[in-house]
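Reviewing the structure listed below.
Not measured: the values here are computed from a predicted model. Note: hydrogens, waters and symmetry copies are ignored here, and every other heavy atom, side chains too, is used.
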Amino acid sequence: GNFFALLGFLVMPIIWSTAEALMTAEMGTAYPEASGGVAWVEEAFGPSWGWMSGYLGWIAGATDNAIYPVLFLDYLLSAMHKSEDSVNPFLR
């Protein structure tokens, strides 16, 4: 239900970020370049896959940054039992 969705929004980033930070630190010391993951993929698979990794990472970041605040607000309003009519139209 809504409780587990909100709990997931609060707990999962901590679990995910810990593993992501450790992996990024390890790879960052092995390949000290400004491009990060793109350099790592380019080294392993070539320049075309490095470009594809950077492009898809950018698209994923743009869509994730747009959808998660909307989902969180929707779950929060559902947990508070607010109808959509009582919510400011800019928050819907």
Side-chain angles (χ1 to χ4, degrees):
N2 295 332
F3 173 74
F4 291 112
L6 291 173
L7 186 65
F9 274 114
L10 298 174
V11 173
M12 191 59 190
I14 295 168
I15 295 169
W16 182 269
S17 297
T18 302
E20 186 77 20
L22 291 173
M23 185 273 308
T24 303
E26 181 73 25
M27 293 299 286
T29 50
Y31 297 97
E33 295 185 30
S35 59
V38 174
W40 309 332
V41 173
E42 193 172 287
E43 178 73 24
F45 301 109
S48 61
W49 287 107
W51 179 88
M52 184 64 72
S53 171
Y55 178 74
L56 292 178
W58 180 77
I59 293 293
T63 56
D64 280 351
N65 289 336
I67 198 165
Y68 285 132
V70 174
L71 286 174
F72 181 77
L73 181 63
D74 190 38
Y75 284 128
L76 187 63
L77 292 175
S78 295
M80 294 171 44
H81 303 293
K82 297 276 186 181
S83 68
E84 288 191 15
D85 298 331
S86 65
V87 177
N88 186 334
F90 291 109
L91 295 177
R92 276 191 252 155

To the nearest 0.5 Å, how far apart are OG1 in T63 and CH2 in W58?
10.0 Å

Pairs of donor and acceptor atoms involving the side chains of residues 30-45, under 3.5 Å and at least two apart or interchain, shall be tabulated with distances.
{"from": "W40", "atom 1": "NE1", "to": "M27", "atom 2": "O", "distance (Å)": "3.4"}
{"from": "W40", "atom 1": "NE1", "to": "G36", "atom 2": "O", "distance (Å)": "3.4"}

Enclosure of I67 CD1 (heavy-atom neighbours >12, cutoff 6.0 Å):
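Atom CD1 in I67 is not crowded, with 12 or fewer foreign heavy atoms closer than 6.0 Å.
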
In terms of hydrophobic clusters joined by side-chain contacts under 4.5 Å, are M52 and I59 together?
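Yes; I59 is reachable from M52 via cluster members.
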
Say whether I15 and L7 are linked into one hydrophobic cluster, either directly or through other cluster members, by side-chain heavy-atom distances under 4.5 angstrom.
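Yes: a chain of side-chain contacts under 4.5 Å links I15 to L7.
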
Those residues that, when tested against Y68, pass ring-ring contact (aromatic ring centres under 6.0 Å, His included) (two or more places apart):
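Listed in chain order: nothing, the list is empty.
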
With sequence neighbours excluded, what pairs up with W49 under the ring-ring contact (aromatic ring centres under 6.0 Å, His included) test?
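With neighbours one apart ignored, the set is empty.
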
Minimum-distance pair of heavy atoms, taken over all atoms of L76 and L6:
N-CD2, 4.0 Å

Between D74 and V70 (side chain of the first, backbone of the second, donor and acceptor by atom type, cut-off under 3.5 Å), is there such a pair?
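Not a single qualifying donor-acceptor pair exists.
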
